[in-house]
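Quick caveat: nothing in here was measured; it's all calculated off a predicted structure. In what follows, every heavy atom counts, from backbone to side chain, and hydrogens, waters and symmetry copies are set aside. Count residues from 1 along the sequence.
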Amino acid sequence: MMDIGMHDFDLDERGLNVNRPVCERVFIPADEHSHINFQGLLIGPRGSTIQKLANQTNTTILLRGRGARTGGFCNDTGTLPPLHLLILGDEQHTVRKAVSQVSGLIKQLIDSPSFAEKLRVKQFKELEKQQQCTDPETRCFRCGQIGHSEYHCPDTLLQQQQQQ
């Protein structure tokens with residue numbers, strides 16, 4: 001163990017920091033494919049798509065670079081690198097797995113507009129599920145049943161379908 005200032009470092013036999021996270025960048029070709037909403041499709045509703053990828057690979061995935069929204073501000077200055085995903089992990093193989101999955105997803109979004117549309121529809125369905133009241137004790141004010149809110153009442157939806 002080596003002490004430098006206030007930080008402790010575990011060094012291996014080559015003198016490299018053992019605890020240093022592995023870091024990779026996956027650049028997003030947003031300039032070449034401006035018709036694709038990479039940020040929205042990669043991040044997903046409330047960050048669900050990027051969180052799912054990060055959890056599957058045991059990594060941290062961050063959107064960075066020109067055009068990325070961080071802290072509510074859009075970074076469009078020319079001094080930043082192009083839009084990219086920064087993938088951090090403790091082990092090289094987990095980071096490589098995440099890079100492979102993210103690169104494959106980006107390639108599919110570019111190659112197949114129908115895949116992008118299917119992903120967008122899937123994300124909207126997930127968002128709709130997240131927005132629905134999922135509390136099992138919720139009582140509907142329209143029909144009195146437990147398990148759904150008045151906005152998602154099957155009786156109301158049935159009546160609306162019959163009127164059309």
Side-chain angles (χ1 to χ4, degrees), residues 7-136 147-149 151-152 154 157 160-161 164:
H7 302 284
D8 291 331
F9 296 99
D10 290 328
L11 303 178
D12 65 4
E13 64 278 354
R14 295 174 292 161
L16 299 175
N17 184 3
V18 176
N19 298 328
R20 182 176 173 198
V22 180
C23 175
E24 290 278 337
R25 287 184 185 182
V26 177
F27 287 92
I28 300 170
D31 294 335
E32 295 87 22
H33 303 280
S34 58
H35 61 284
I36 300 173
N37 178 12
F38 285 106
Q39 289 188 46
L41 292 169
L42 290 172
I43 294 172
R46 298 183 183 168
S48 63
T49 304
I50 204 166
Q51 286 174 359
K52 197 179 299 179
L53 282 169
N55 290 338
Q56 288 173 354
T57 57
N58 197 26
T59 58
T60 301
I61 303 175
L62 306 168
L63 185 67
R64 294 289 184 257
R66 199 171 329 121
R69 292 187 176 271
T70 55
F73 298 101
C74 186
N75 297 322
D76 282 331
T77 61
T79 59
L80 292 172
L83 189 65
H84 62 277
L85 290 171
L86 183 64
I87 302 174
L88 304 165
D90 294 330
E91 300 174 6
Q92 185 69 37
H93 73 275
T94 60
V95 172
R96 284 187 183 150
K97 182 179 176 184
V99 167
S100 173
Q101 287 185 2
V102 166
S103 298
L105 180 59
I106 291 171
K107 184 173 178 359
Q108 282 184 305
L109 291 172
I110 293 169
D111 294 344
S112 175
S114 63
F115 174 78
E117 182 61 26
K118 287 177 186 175
L119 179 61
R120 190 181 66 77
V121 168
K122 180 182 173 190
Q123 289 176 340
F124 274 119
K125 286 181 181 178
E126 286 177 13
L127 180 61
E128 187 177 287
K129 285 180 186 177
Q130 289 174 2
Q131 289 177 341
Q132 287 181 0
C133 186
T134 56
D135 184 10
H148 62 271
S149 68
Y151 303 107
H152 300 98
L157 297 173
Q160 288 174 353
Q161 288 174 354
Q164 294 174 357

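Between atom CD of residue Glu126 and atom OG1 of residue Thr49 there is a gap of 6.0 Å, rounded to the nearest 0.5 Å. To the nearest 0.5 Å, atom CD of residue Gln56 and atom NZ of residue Lys97 are 7.0 Å apart. From Arg64, atom CZ reaches atom CG of Leu86 across 7.0 Å, with rounding to the nearest 0.5 Å. Annotation: the span from Arg120 atom CZ to Leu109 atom CG amounts to 12.5 Å, rounded to 0.5 Å. Taking OG1 of Thr60 as the start and CG of Asp90 as the end, the distance is 8.0 Å to the nearest 0.5 Å. Atoms CD and SG, from Gln92 and Cys23 in turn, are 10.5 Å apart once rounded to the nearest 0.5 Å.
Taking a 6.0 Å sphere around CZ of Phe27, one finds it holds more than 12 heavy atoms contributed by other residues, nucleotides or ligands.
Of the possible polar contacts, none joining the Ser48 side chain to the Gly44 backbone as a donor-acceptor pair under 3.5 Å is found.
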N/O donor to acceptor pairs below 3.5 angstrom from side-chain atoms of residues 35-42, sequence neighbours left out:
from  : atom 1 : to    : atom 2 : distance (Å)
Asn37 : OD1    : Gly40 : N      : 3.0
Gln39 : NE2    : Gly67 : O      : 2.9

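Leu83 places none of its side-chain heavy atoms less than 4.5 Å from the side chain of Arg66. Contact of the Arg96 side chain with the Val99 side chain is not registered, since no non-hydrogen atoms from C-beta on lie closer than 4.5 Å. Between Thr57 and Ile87 there is no side-chain heavy-atom pair separated by less than 4.5 Å.
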Does the pair Glu24 and His84 meet the rule for a side-chain contact (heavy atoms from CB on, under 4.5 Å), with working shown?
CA-CA 10 Å; Glu24 290 278 337; His84 62 277; over 6 Å; no

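The nearest pair of heavy atoms linking Leu85 to Leu63 is CD2-CD1, 3.7 Å. Pairing each heavy atom of Thr59 with each of Ala98, the nearest pair is OG1-CB, 3.8 Å.
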